[in-house]
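Here is the structure we will look at.
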There are 2 protein chains.
Amino acid sequence: MALKHSKQRDLIKEFLMTRKDHPTADVVYMNVRQQNPNISLGTVYRNLTLLADIGEIARLRLGDGVDHFDADTSPHYHFVCTHCGSVIDLEMDDISEIVAQAGANFDGHIEGHVTYFYGSCSDCKKKELSS
Amino acid sequence: MALKHSKQRDLIKEFLMTRKDHPTADVVYMNVRQQNPNISLGTVYRNLTLLADIGEIARLRLGDGVDHFDADTSPHYHFVCTHCGSVIDLEMDDISEIVAQAGANFDGHIEGHVTYFYGSCSDCKKKELSS
DNA sequence: ATAAAATCAGTAATAGTTCTTAGTTTTAAA
DNA sequence: TTTAAAACTAAGAACTATTACTGATTTTAT
């Protein structure tokens, strides 16, 4: 299982670090191909999964049926626009105290929570108003 | 678009109301077939989607790649066991004040939030301890 | 240098869900 | 109560995102 270096994995990680918009595997693939046209989609998926498993990136599941990836692994929350699908970081305080609330009347062990917010992003909100 | 009655839809809704474990489309299909062996999986999917769209049931996306359905549409939170995959209702107060927190430094419009918790359910917790 | 292990590209396979088609029910109105 | 339009159905094809398999290639510890 010893991890070996791979140019493909470096490329994927480097690309992801340049982006703040939480791209999907397919978007990563299309972009990374511009540097390495021979890279395969399977390699992109495998490495995204591997990087997520070792904690170097985060996998986001936002209910749209597609996994998004984020090079920013610090705890933070996301907003999903239900009109254009864009995913945006939110500036807000940590709310993980809700885990204690959830555990108060629960017999199992709660390890964590998944929270994201949805609505209209700034751009889509403007378009709605002007129509 | 006027909704017409359908025996299949009734059957699906009735089945879902008997369950508190948030079954998937496939589980609904397998069970509903015992009453109507000719029902098709597509019909189950179509009606679950329709019922969710008109608000009679809730569609839950819990990050496991499968949609779960819930006849209880009142606002409440869910726990997902990462070991056995079971989905359990949590008894806890409403936490939708987090929406205001999230909107404080955000330029768009936040309509709602998705939150669920994960960890080990009561049964799986016991099994871990005894191993 | 070399060889075991990890990785790769390419492609087939899978899972969950939606779409298409041709025929069947439902329902409002004649 | 016929009737005909609209909604609905079963069956299965198609689609999307993802994972698994293959034999060849790269990495790295010796």
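A, B, ... follow the sequence lines: proteins, then strands. Residue 1 opens every chain.
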Let me check something: any side-chain donor-acceptor pairs from residues 8-16 of chain B under 3.5 Å, sequence neighbours excluded? List them with distances.
residue, atom, partner, partner atom, Å
B/Arg9, NH1, B/Asn47, OD1, 3.0
B/Arg9, NH2, B/Lys4, O, 2.3
B/Lys13, NZ, B/Glu56, OE1, 2.9

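Taking only side-chain nitrogens and oxygens, B/Gln8 comes nearer than 4.0 Å to OP1 or OP2 of D/dA10. For the OP1/OP2 pair of C/dT25 and a distance below 4.0 Å, the side-chain nitrogens and oxygens of B/Ser6 include no atom meeting the criterion. Of the side-chain N and O atoms in A/Lys7, one or more sit less than 4.0 angstrom from OP1 or OP2 of D/dT27.
Out of C/dT7, D/dT9, C/dT26, the shortest distance to the side chain of B/His5 is found at C/dT26.
Following rounding to the nearest Å, A/Lys4 (NZ) and C/dA6 (C1') show an atom-to-atom distance of 4 Å. Note: CG (A/Leu11) to P (C/dC8) measures 11 Å, nearest angstrom. For the pair A/Asp67 CG and D/dT19 P, the computed distance is 7 Å after rounding to whole Å. The separation between A/Arg9 atom CZ and D/dT28 atom C1' is 13 Å, rounded to whole Å. One can place CG of B/Asp64 at 15 Å from P of C/dA15, the figure rounded to the nearest angstrom.
Within the 4.5 Å cutoff, the side chain of B/Thr115 has heavy atoms near those of the A/Ile98 side chain. With contacts defined as side-chain heavy-atom distances shorter than 4.5 Å, the pair B/Glu128/B/His83 qualifies. The shortest distance between side-chain heavy atoms of A/Ile88 and A/His78 does not fall below 4.5 Å.
Here the options are B/Asp67, B/Asp70, B/Thr24, the test is side chain to side chain contact (heavy atoms under 4.5 Å, CB included), and the partner is B/Leu60; only B/Asp70 passes.
In this structure, the side-chain hydrogen bond (donor to acceptor under 3.5 Å, both in side chains) partners of B/Tyr77, at least two apart in sequence or on a different chain, are B/His113.
Of the residues in residues 25-59 of chain A, A/Asn38, A/Ile39, A/Ser40, A/Thr43, A/Arg46, A/Asn47 come within less than 4.0 Å of DNA chain C through at least one heavy atom, sorted by number.
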